[in-house]
Amino acid sequence: MESEILGASGGGQEASEAAKVNTGQTNETAELLRVTQELGRALQSFHSRSEQTMMIRSAVQEVKEAAKTLSPTLAGLGGVVVNPDGTRGCGCEDECSSCNCLSSKCCEFDIILAQIRVIQMQLPVDPLDTSLNPWGEMEIRIFASIDGLGAMIPDPFSYLSLRKQITDPYGLWHSIHRRIGTVSVCKGTPKTILVSADVTEVEVGLLETVGGNRDEYGSDSASMTLDCCCTPTTEVRFNVKLTGGGQGQGEVELKFIAQRK
């Protein structure tokens, strides 16, 4: 009887240990299955992200290719264009007709009053300033401006002495080369400005002022179109007739230049 009880007891212990082993194996299998499933989901997510990355890269490349085709249009909207040789902007080695300045950056021009000359001396009513007098000269003061802003030339208290001989069709050019302002221009978009000159023939000295002579004056202007593409220097000329103020009259010609900086 005692041996039977011991045998039963030993069998129960073996069954319990076997059950524990089976439970442990089941748990390990379940954990392995869970880890495998998580790894599968991670791999699936990785592949999905890789596909998305490839799609994004492909889309970016398509946009770049499209941008090359649409470069002229984008330039008008302030875009920056890459030339076929990989450079940016104009490359003004060619003539302006074949040059496309498409950079979004600006260029700058100095507007300069370069020269002035006499076209017509004053009438004999102003004997000291007429061409009938071999020593006659006109005393000229100029306010040169760009869209209303500018400089007094030579200054508010002095003048330029200009003359023309009666036998000459016009006087010699008198060099001034005075900058009156700076204008910024967007590349690819020409800009038109208005250059003006208010000219005064100043009565100076006792012989001119005692006689009651008055200053003669006149004004005129001209438009100047600036383009960053292949135009390092632009020139415009116009005449100013001195029909206001006194009766001496007279006429001068001015030359303005726009010099790219």
Side-chain angles (χ1 to χ4, degrees), residues 72 75-81 83 85 87-119 138-164 169-201 217-242 251-261:
L77 300 175
V80 178
V81 173
N83 295 327
D85 60 356
T87 61
R88 292 174 179 262
C90 174
C92 288
E93 295 82 4
D94 300 330
E95 294 182 357
C96 195
S97 59
S98 61
C99 180
N100 295 318
C101 288
L102 303 176
S103 172
S104 64
K105 296 183 179 179
C106 293
C107 66
E108 289 187 329
F109 288 87
D110 281 336
I111 309 302
I112 299 169
L113 175 54
Q115 294 176 306
I116 184 173
R117 66 179 176 181
V118 175
I119 300 299
M138 297 170 63
E139 300 84 10
I140 297 296
R141 186 179 297 146
I142 311 160
F143 177 71
S145 61
I146 311 167
D147 296 329
L149 300 176
M152 188 71 74
I153 299 170
D155 59 60
F157 307 103
S158 57
Y159 51 84
L160 304 173
S161 295
L162 306 177
R163 60 177 59 88
K164 179 186 83 71
Y170 38 75
L172 298 176
W173 282 111
H174 180 91
S175 294
I176 300 174
H177 207 77
R178 172 81 173 273
R179 184 176 68 87
I180 61 175
T182 301
V183 177
S184 296
V185 181
C186 182
K187 290 183 179 180
T189 306
K191 184 176 184 178
T192 300
I193 62 173
L194 186 66
V195 180
S196 304
D198 300 322
V199 180
T200 302
E201 203 288 321
Y217 57 83
S219 61
D220 211 330
S221 59
S223 61
M224 178 181 286
T225 299
L226 307 178
D227 188 344
C228 295
C229 182
C230 304
T231 53
T233 303
T234 301
E235 176 184 310
V236 65
R237 302 183 188 182
F238 58 89
N239 292 6
V240 176
K241 295 183 178 182
L242 309 178
E251 183 177 353
V252 296
E253 181 182 9
L254 300 102
K255 180 193 296 184
F256 288 83
I257 62 173
Q259 191 169 54
R260 185 170 174 177
K261 300 178 68 174

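- Looking only at distances, no side-chain donor or acceptor of R141 sits under 3.5 Å from a matching main-chain atom of I153.
- Surrounding OH of Y217 are at most 12 heavy atoms belonging to other residues, nucleotides or ligands under 6.0 Å away.
- By the side chain to side chain contact (heavy atoms under 4.5 Å, CB included) test, S219 is found to be paired with D198, residues two or more places apart in sequence or in another chain being considered.
- No side-chain donor-acceptor contact under 3.5 Å links D227 to the backbone of P190.
- Every residue meeting the side chain to side chain donor-acceptor pair (under 3.5 Å) condition with T192, not counting sequence neighbours, appears here in chain and number order: T225.
- The OG atom of S196 lies 10.5 Å from the CG atom of L149; values are rounded to the nearest 0.5 Å.
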Taking it one step at a time, do E108 and V183 satisfy side chain to side chain contact (heavy atoms under 4.5 Å, CB included)? CA-CA 6 Å; E108 289 187 329; V183 177; over 6 Å; no
Check the pair I146, L194 against side chain to side chain contact (heavy atoms under 4.5 Å, CB included), reporting the backbone distance first and the verdict last. CA-CA 6 Å; I146 311 167; L194 186 66; over 6 Å; no
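- As summarised for C186 and C228, their two SG atoms remain at a distance no smaller than 2.5 angstrom, missing the threshold.
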Tell me, with the steps shown, if E235 and R237 meet salt bridge (charged side-chain N to carboxylate O under 4.0 Å, His left out). CA-CA 7 Å; E235 176 184 310; R237 302 183 188 182; 3.0 Å; yes
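- Distance check, rounded to the nearest 0.5 Å: CD1 of I257 to CD1 of I112 gives 4.5 Å.
- Legend: side-chain hydrogen bond (donor to acceptor under 3.5 Å, both in side chains) pairs involving residues 148-158, not counting sequence neighbours, sorted by first then second residue: D155-S158.
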Quick one: side chains of residues 174-182, donor-acceptor pairs under 3.5 Å with protein atoms, not counting sequence neighbours, listed by atom name and distance.
unit_1: R178; atom_1: NH1; unit_2: M152; atom_2: O; d: 3.4
unit_1: R178; atom_1: NH1; unit_2: P154; atom_2: O; d: 3.3
unit_1: R179; atom_1: NH1; unit_2: T182; atom_2: OG1; d: 3.1
unit_1: T182; atom_1: OG1; unit_2: D110; atom_2: OD1; d: 2.9

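- By the side chain to side chain contact (heavy atoms under 4.5 Å, CB included) test, I119 pairs with R117, Y170, N239, E251, E253, sequence neighbours left out.
- Between K255 and W173 the shortest side-chain heavy-atom distance falls below 4.5 Å.
- By the side chain to side chain contact (heavy atoms under 4.5 Å, CB included) test, V236 is found to be paired with A222, M224, F256, residues two or more places apart in sequence or in another chain being considered.
- Inter-residue side-chain proximity for V199 and D220 is flagged as unmet; no heavy-atom pair is nearer than 4.5 Å.
- Atoms CZ and CD, on F109 and Q259 in that order, are 10.0 Å from each other to the nearest 0.5 Å.
- Distance check, rounded to the nearest 0.5 Å: CG of L254 to CD1 of I116 gives 4.0 Å.
- Taking each heavy atom of I111 and A258 in turn, the nearest pair found is CD1-CB, 3.6 Å.
- Considering only residues two or more places apart in sequence or on other chains, R163 meets the salt bridge (charged side-chain N to carboxylate O under 4.0 Å, His left out) condition with E137.
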